[in-house]
Amino acid sequence: MIIKKLFIFFSFIVLSTSAFNQVVYEFEDSLQEKRFYSLISEIRCPKCTSGSIASSDAPVSRDLKNKVYELVRDGSTDKEIKTYVSKRFGDFSDYRPSLEGSNYLLWFGPFIFLGLMLIIFFIKRRV
Amino acid sequence: MNQLLRFLIVLLPIVVLIFFGKILLVDEDIKFSNFNSKIFPEFQLNDLDGNPVQSGSLNGVKILNVWASWCITCLVEHPFLTRLSEQNIQIIGLNYKDSDLKANAWLKKHGNPYLFSIYDPRGDLAFDLGVTGAPESYLIVNNQVVGHIQGEMNQRKWETIFLPLIQKAKQGS
C-alpha cells in the first residue's frame with residue numbers, strides 16, 4: 001500500500017511539467033551572463049503595474065527576456081538593447097531613467113527636497 | 001522669519017497633497033493619448049487565408065486590432081468592433097499567438113469584422129509593435145502608428161482616444 005502511494009507521489013514529481021518550464025539561458029562567458037541579468041532587472045514588465053521583466057512570468061516578459069538574451073549573444077551594447085526595447089514599448093520600459101530633460105527632477109528631486117528640509121531646520125533652530 | 005516658516009509649514013502639505021492627488025486622479029487614458037507616433041514596422045506575414053499581406057494595405061485610416069481565439073476579452077469587445085465595421089470603419093486583425101485553424105473557426109462562429117487578419121503565430125510583428133497582450137488596438141494613418149489602446153475597445157475609449165486622432169488626421173490630409 002505504502003509503496004503504491006510512494007509511487008504515485010514520485011510520479012507526480014517526475015511528471016510535473018513546471019519543473020521543466022524554466023528557460024535555461026546559456027552564455028559564452030560570465031560577463032554576458034552578468035549583463036543579461038542586470039538588463040532584465042532594469043527593463044520594466046509592460047504588462048505589470050510595477051516590476052521588472054526578471055520578476056515577471058507574463059508572456060510578453062518572457063518574449064522580452066528571450067529577445068534581450070538574443071541581443072546580448074549577438075553582441076549588442078546595453079544602450080542598444082535598451083533603445084531597442086524602448087522603441088517598441090516606450091520610455092516607460094526603462095527602469096533606470098536616462099539623465100535628461102524632466103528626468104533631472106526625478107533623479108535630483110529627493111536631494112533638493114532634503115536640502116530644503118535642512119535649510120528649514122536650521123532656520124528654525126536659529127529662531 | 002517666523003512668519004515665513006509658518007507659511008512654509010502650511011504650504012508644504014498642500015503642495016504634497018496636490019502632487020499625489022494629481023497622480024491618483026489622472027486618467028489612465030491620457031497615457032495613451034500622448035502616444036508617440038512611429039512608422040509601422042516592416043513585416044512579411046500571411047493573412048489567415050494564407051495569402052501574403054501587401055505592404056500597401058496599411059494606407060488610409062485603419063484600425064489594427066490584436067486578437068486571438070484564446071483571448072476572452074476579445075470576445076467582449078467583438079460586438080463593438082462589429083458595430084464599427086458596419087459604420088465602414090476599416091479594421092484589420094492581427095491574429096496573435098494563435099493557430100490559423102482555431103482562429104478561422106472563431107471568426108466563423110462569432111462573425112468577422114476584419115478586412116483581413118494578419119497571421120502572427122509567434123508574435124513577431126506584435127513584438128515590434130509593442131503589444132503586451134490581447135486585445136490591443138492601434139490606429140494607423142498612412143502606414144504611421146498614431147494611437148494605441150490597451151485592453152478592451154469600447155465606446156468610451158473609441159470616443160476619447162481614437163476619434164479625436166482620426167479627426168486630426170483627416171484635417172491634416
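Hydrogens, waters and symmetry mates are skipped; everything else that's a heavy atom, side chains included, is used. Letters A, B, ... are given to chains in the order of the sequence lines, protein chains preceding strands, and every chain is numbered from 1. Remember, it's a predicted structure, so these values are computed and weren't measured experimentally.
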- Least distance between heavy atoms, Val60(A) atom then Val131(B) atom: CG2-O, 3.6 Å
- Region of Leu129(B) that comes under 4.5 Å of a non-hydrogen atom in chain A: backbone
- Message: Tell me if the CD1 atom of Ile3(A) is crowded by more than 12 foreign heavy atoms within 6.0 Å.
- Response: no
- Any idea which heavy atoms bring Asp128(B) and Arg88(A) closest together, and the distance? OD1-NE, 2.8 Å
- Message: Tell me if the CZ atom of Arg73(A) is crowded by more than 12 foreign heavy atoms within 6.0 Å.
- Response: yes
- Query: Does Asp63(A) reach the side chain of Lys97(B), with side-chain heavy atoms less than 4.5 Å apart?
  - Reply: yes
- Message: If you count every heavy atom of other residues, nucleotides or ligands that lies below 6.0 Å from Glu26(A) atom CD, does the total exceed 12?
- Response: no
- Region of Ile9(B) in contact with chain A, defined by heavy-atom distances below 4.5 Å: neither
- Using a cut-off of 6.0 Å, state whether more than 12 heavy atoms not belonging to Ile39(B) lie near its atom CD1. no
- Task: Give, as side chain, backbone, both or neither, the part of Leu116(A) having an atom under 4.5 angstrom from any heavy atom of chain B.
- Result: neither
- Just wondering, more than 12 heavy atoms not from Ile72(B) lying within 6.0 Å of its CD1? no
- Using a cut-off of 6.0 Å, state whether more than 12 heavy atoms not belonging to Lys102(B) lie near its atom NZ. no
- Of all the heavy-atom pairs spanning Phe127(B) and Tyr84(A), show the shortest one and how long it is. CE2-CE2, 3.8 Å
- Roughly how far, to the nearest 0.5 Å, is CG of Leu8(B) from CE of Met117(A)? 9.5 Å
- Query: For Lys87(A), is it the side chain, the backbone, both or neither that has a heavy atom under 4.5 Å from a heavy atom of chain B?
  - Reply: backbone
- Task: Give a yes or no on this: more than 12 heavy atoms of other residues, nucleotides or ligands lie within 6.0 Å of atom CD of Glu42(B).
- Result: no
- When rounded to the nearest 0.5 Å, the distance separating CD1 of Ile123(A) from CG of Leu5(B) is 7.0 Å
